[in-house]
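In what follows, a structure is listed as structure tokens, so that the remarks can point back to it.
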Number of protein chains: 2
Amino acid sequence: MSTAAETTGGEAEPWEEVTPDAARRLLVAAVEAFAERGYHATTTRDIAGRAGMSPAALYIHYKTKEELLHRISRIGHDKALDILRTAARREGSAKERLADAVSSFVRWHAGRRTTARVVQYELDALGPEARAEILGLRRQVDAEVRGIVEDGVAAGEFDVPDVQGTTLAVLSLCIDVARWFNVDGPRTPEAVGELYAELVLRMVGAG
Amino acid sequence: MSTAAETTGGEAEPWEEVTPDAARRLLVAAVEAFAERGYHATTTRDIAGRAGMSPAALYIHYKTKEELLHRISRIGHDKALDILRTAARREGSAKERLADAVSSFVRWHAGRRTTARVVQYELDALGPEARAEILGLRRQVDAEVRGIVEDGVAAGEFDVPDVQGTTLAVLSLCIDVARWFNVDGPRTPEAVGELYAELVLRMVGAG
DNA sequence: GCCGACGGTGAGCGAGCGCTTAGCGCGGCG
DNA sequence: CGCCGCGCTAAGCGCTCGCTCACCGTCGGC
């Protein structure tokens with residue numbers, strides 16, 4: 001009863017940048033626990049137990065429980081931003097880039113739902129400085145999507161009266177996937193990504 | 001430093017069905033605290049303090065902290081379902097009814113954001129039986145929206161390849177308003193409701 | 001004008017929290 | 001082969017949590 005993270009395999013093995021091995025095991029255990037029960041309802045004893053270690057082992061690799069959340073949130077936001085940047089900067093029309101951005105962003109939120117849940121819903125548990133850092137990353141996320149929408153409007157591909165409001169709605173739609181998506185449900189991450197890309201193209205008048 | 005609930009006045013004064021007065025004050029205090037910090041991070045001492053009472057007073061009106069959450073969640077879901085039912089059963093085309101449902105549902109999530117946040121995001125903190133009861137209400141919420149979409153498809157007003165998936169997306173979009181909406185931000189609940197109604201009509205091919 | 005009932009308080013219980021510290025086992029180097 | 005240092009554990013500290021209990025003020029009925 002240990003490995004449970006490789007369910008929704010996809011892009012490059014996650015958390016590989018976290019070393020040494022014991023620190024990564026603790027972090028993966030924390031992601032699962034935070035996603036299941038929430039940050040405040042998760043105990044350091046639970047995290048250490050899932051990683052097969054004693055409670056004290058956690059504090060060799062992390063100063064506090066909050067530092068664990070901060071690291072998870074930081075790495076997760078970096079990954080999400082990387083996904084959107086890749087889609088935004090590829091070749092193609094604004095329509096193609098927006099569909100790509102939405103489908104890959106949604107695939108990540110569905111396929112790596114545990115991580116996404118922690119990243120998107122536990123922001124308030126961070127202290128002021130860590131929180132401010134993450135909010136900066138979120139502004140960059142917003143800017144990437146808004147950029148594609150603006151390109152589409154400028155090129156005459158899209159019909160969008162309220163660019164900022166529509167950008168907000170598109171991101172909101174994608175992010176909420178982490179709340180409702182069920183791994184045992186009838187839909188695959190890929191299917192939801194495709195459906196959502198179509199819906200978003202309709203929202204910007206390019207369906 | 002007591003009253004802080006009548007900020008986003010709108011439909012009939014909420015929580016009026018909760019009596020006696022002390023029980024209502026405790027419940028309103030709990031809604032604010034749960035929305036700000038989350039259920040698990042809120043202490044019974046904080047709730048009682050916000051209501052101007054001693055910690056022990058809470059247990060005269062509620063058996064446990066979880067009973068408070070259950071009552072809030074139950075009343076909130078009833079209200080949300082009532083809003084959707086009213087829109088779904090009025091006279092008019094499916095397009096008009098869907099726009100009405102989305103705009104009023106969104107207005108509630110934005111205007112009564114503290115309540116909506118607790119209702120939509122603290123479900124997992126409930127025990128199994130209470131949770132099952134609330135999930136039943138959520139299925140009714142889904143059925144109301146799906147009904148309007150099906151009507152629109154049958155009447156030839158909408159073009160929707162995946163009715164269930166689109167219904168899910170519409171509800172998801174509305175619910176996530178409770179996560180990002182900021183009372184001090186640039187948008188009023190009414191403006192967001194109008195924008196979202198337009199976006200949803202585009203999603204169903206009736207924009 | 002006394003009395004019971006009810007809504008409320010002050011103090012505190014057992015438990016579990018985040019985190020610390022003293023010490024142990026083991027692998028690499030001289 | 002002996003010893004040092006690093007990764008880890010067992011035990012537990014101080015604190016706060018949800019919740020309880022003995023008691024008290026006020027107010028309507030006789």
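Just so we're on the same page: letters track the sequence lines, and every chain starts at 1. Since the model is a prediction, treat every value here as computed from it, not as a measurement.
Closest to the A:R45 side chain, of the nucleotides D:dG18, D:dT9, C:dC19, is C:dC19. The nucleotide whose nearest atom lies closest to any side-chain atom of B:P55 is, among D:dC19, D:dC17, D:dT9, D:dC19. Relative to the side chain of A:A56, the nucleotides D:dC19, D:dC8, C:dT20 differ in distance, and C:dT20 lies closest. The side chain of B:Y59 has D:dC19 as its nearest neighbour among D:dC17, C:dT21, D:dC19. Of the listed nucleotides (C:dC19, C:dG7, D:dG18), C:dG7 has the atom at the smallest distance from the side chain of B:I60.
Aromatic ring pairs are classed by plane angle as parallel below 30°, tilted from 30° to 60° and perpendicular above 60°; the pair B:H109 and B:F105 is perpendicular.
Between the CG atom of B:L26 and the P atom of D:dG18 there is a distance of 14 Å, given to the nearest Å. Atom CE in B:M53 sits roughly 4 Å away from atom P in C:dG8 (whole-Å rounding). When the P atom of C:dC17 is taken as reference, atom CG of A:L58 falls 14 Å away, rounded to whole Å. If you measure from atom NE2 of B:H40 to atom C1' of C:dC17, you get 14 Å, rounded to the nearest angstrom.
Contacts of A:S54 with the nucleic acid, taken as non-hydrogen atoms under 4.0 Å apart, include base atoms.
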Original post:
Could you go step by step and tell me if B:E150 and B:F158 meet the side chain to side chain contact (heavy atoms under 4.5 Å, CB included) rule?
Top reply: CA-CA 9 Å; B:E150 283 167 352; B:F158 298 165; over 6 Å; no
Original post:
For A:D176 and B:L173, what are the C-alpha separation, side-chain angles and deciding distance, and is it a side chain to side chain contact (heavy atoms under 4.5 Å, CB included)?
Top reply: CA-CA 7 Å; A:D176 199 55; B:L173 193 63; over 6 Å; no
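In this structure, the side chains of A:L137 and A:R74 come closer than 4.5 Å at one or more pairs of heavy atoms.
Distances shown here put a side-chain N or O of A:H61 below 4.0 Å from the OP1 or OP2 atom of D:dC8.
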